[in-house]
Amino acid sequence: MMMDIKGKVIKYGDSVNTDVIIPSKFLVLIDPKDLAKHAMEGIDPDFSEKVKDRKIIVAGRNFGSGSSREQAPVSLKYAGVQCVLAESFARIFYRNAINIGLPIVECDGISKKVDDGEELEVIPREGLIKNLTKETKLKANPIPDFLLEIMEKGLVEYMKERKVKK
Amino acid sequence: MTEMNIVEKIMARASGKKQVHPGDIIEAKIDKAMMNDITGPLAIEAFREMDGKKVWDKDRAIIVLDHLVPADSAQSANMHKILRDFAVEQDLKYFYDVGRGGVCHQMMMENHAKPGEMIVGADSHTCTYGAVGAFSTGIGSTDIAAVFVTGKLWFKIPKVINIVVKGKLNPPVAPKDLILYTIGQFKADGATYMGVRFAGEVIQNMSVDGRMTLCNMVVEMGAKNGIVEPDDKTAEYLKGRKLVPYEFVKGDADAEYDKTVEYNASKFEPMVACPPSVDNVKPISEIGKVEINQALLGSCTNGRLEDLRIAAGILKGKKVKKSVRALVIPASQDVYQAALREGLLETFVESGVLVCGPNCGPCYGGHLGLLAAGETCVSSTNRNFVGRMGSPKAMVYLASPATVAASAISGRITDPRHLEG
């Protein structure tokens, strides 16, 4: 089952693309821990400091646009990010994040209703986002059940289980 | 039965259904799957973790080395080795090694993609193959690993935007200018999760090379795939590439689209996507004086023979300005050889252009012609994000091959219709 997602927010704007999440020169790094050291380096040089005590990213529209590099969500996950919430995600990033088990939730209006540093609790199965600082609740856009299952297990585990069932 | 558009037809076929509707989730049989040297090593690792023993079909699982070619470091050599060893272990029929292929999408278009097929690739510009009427889309490393194991993948049937282009593209205004204009209209997320169909007289009169440029860049407005209904030009292309046999899949005449937009291309001027985003598009007459340090012609977007011919036509008998480095990177060994035979490469060399071997070059910021802080490049490639081509303080302007060539001569971004001398 999915862990409780609870933490403070690091906030970004619209169209955070995968080239800035993990710049190309780091794509030769194979170890996820090495990729994690350079997460968000193209947009926020202070990210590695911020992520020490803030584990939830909140962003605007089109988060993860551009390249198909799975190294982008991998670098975020291994940097300690628990969840990415955005107004909308680019298609390939969305699939990639779910496949590697990085919780990712679309929520209309989130960038206006959550501020930097606030504390959130996210329950993807219930489509619920609680702003613990402001004591408000937000509704996430629904995620189909099979995708929630992949998000919780990661596609590798999901595939292995399906193979056994067959 | 409801009438279906070309995207729905292909996806219905691939999932064994008579009818599909936007929003339906399907599991589709994949005709061909491709990975490259950036996405491949992670995918091979996921393939092993999934207990993958053999790829689902060794003739349909394709690997291309193109991003770091030839290997520019011990690390990239290692990434190549992982893929080369895997190709040998799995006895893959198609492994495009250094000097035997080119940019992955060019390989897929020259040797693999056929109308009506369902093709996935671990690279965002996989959407290119809609140029021959295939459904093709980009995915990530773990998804492509799952496809290499099972030959299947889940999809949501997308809504489709129908873009009808009327009038005439007046050369040197080119397909690149049309797609840049379109992205400028839709913006970077205007077609997210959606299919994009191109139709109308301008598309009917456009070569498959040009259609590739259109379909290639739909991902820059968030789209899942780009597609052109196959026609005589498609048939001619497939015959020339010996991509036979094939079967056309076309949309129904009364098929529905999420929306239809119409453009008239007759009055278009060359377009430029200004930094720092692909949707920051302006007509060239509105960008003012932009001095350049580098001019780049190449990539999966515009590194084909047609593009090289246009650029060579402009550069013939002229010199690249002293303050500019000009690079030409043919998209494949075939393009390189054809350009060699036609004398295009000689023209480039005489003009002071550095002609590189087929690969992705500096387009994605790996190697071969990166930019220093404060430098500016005009490029025929597909992205101009911050830091995309070297320093985060460098600037990239995207334009057509003609604009790139004209700018290389004048030293600033120049309308190819107004090149002096």
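Side chains included, hydrogens not; waters and symmetry mates left out as well; all remaining heavy atoms used.
Taking each heavy atom of B/Asp189 and A/Ser88 in turn, the nearest pair found is OD2-OG, 4.4 Å. Heavy atoms only, all atoms of each residue included: B/Ser124 and A/Gly66 are closest at CB-O, 3.6 Å. Contact between B/Asp143 and A/Glu70 at its shortest, heavy atoms only, is N-OE1, 4.4 Å. Here the shortest heavy-atom pairing between B/Met79 and A/Leu27 reads CE-O, 3.4 Å.
Inter-residue side-chain proximity for B/Asp51 and A/Met159 is flagged as unmet; no heavy-atom pair is nearer than 4.5 Å. At a threshold of 4.5 Å between non-hydrogen side-chain atoms, the residues A/Asn96 and B/Thr142 do not count as touching. Using a 4.5 Å heavy-atom threshold, the side chains of A/Arg162 and B/Thr150 count as separate. The closest side-chain heavy-atom distance from A/Arg95 to B/Trp154 is below 4.5 Å. In this structure, the side chains of B/Ile139 and A/Asn99 stay at 4.5 Å or more apart for every pair of heavy atoms. Here the side chains of B/Val386 and A/Asn17 are not in contact, with every heavy-atom distance at 4.5 Å or above.
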One pair to check against side chain to side chain contact (heavy atoms under 4.5 Å, CB included): A/Ile92 and B/Thr137. What are the steps and the verdict? CA-CA 9 Å; A/Ile92 305 176; B/Thr137 193; 5.8 Å; no
Would A/Gln71 and B/Ile38 count as a side chain to side chain contact (heavy atoms under 4.5 Å, CB included) here? Give the steps. CA-CA 9 Å; A/Gln71 289 91 338; B/Ile38 289 294; 4.3 Å; yes
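At least one cation-pi condition fails for A/Arg69 and B/Tyr364: the charged atom is not both under 6.0 angstrom from the six-membered ring centre and inside a 45 degree cone around its axis.
Atom CZ of A/Phe146 sits about 9.5 Å away from atom CD of B/Glu27, to the nearest 0.5 Å. Interatomic distance, OH of B/Tyr193 versus OH of A/Tyr94, reported as 6.0 Å (0.5 Å rounding). The OG atom of A/Ser65 sits 8.0 Å away from atom CZ of B/Arg383, with the distance rounded to the nearest 0.5 Å. One finds the OG1 atom of B/Thr192 at 8.5 Å from the CZ atom of A/Arg61 (value rounded to the nearest 0.5 Å). Atom CG of residue A/Asn62 and atom CE of residue B/Met221 lie 12.5 Å apart, to the nearest 0.5 angstrom. Separating the NE2 atom in B/His67 from the OG atom in A/Ser67 is a distance of 7.0 Å, to the nearest 0.5 Å.
Only the side chain of A/Leu147 comes within less than 4.5 Å of a heavy atom of chain B; its backbone N, CA, C and O stay farther away. Using a 4.5 Å cut-off between heavy atoms, A/Phe93 makes no contact with chain B at all. Using a 4.5 Å cut-off between heavy atoms, A/Val156 touches chain B through backbone and side chain atoms alike. Neither the backbone nor the side chain of B/Asp37 has a heavy atom closer than 4.5 Å to any heavy atom of chain A. No part of B/Leu370 comes within reach of chain A, as not one of its non-hydrogen atoms sits under 4.5 angstrom from that chain. Interface residue B/Ala146: backbone and side-chain heavy atoms are both found under 4.5 Å from chain A.
Contacts with chain A were tallied for B/Pro392, B/Ser141, B/Gly365; B/Ser141 has the most, counting heavy-atom pairs under 4.5 Å. When the candidates A/Glu157, A/Lys25, A/Arg91 are compared by the number of heavy-atom contacts under 4.5 Å with chain B, A/Arg91 comes out ahead.
More than 12 heavy-atom neighbours from other residues, nucleotides or ligands sit within 6.0 angstrom of NZ on A/Lys134.
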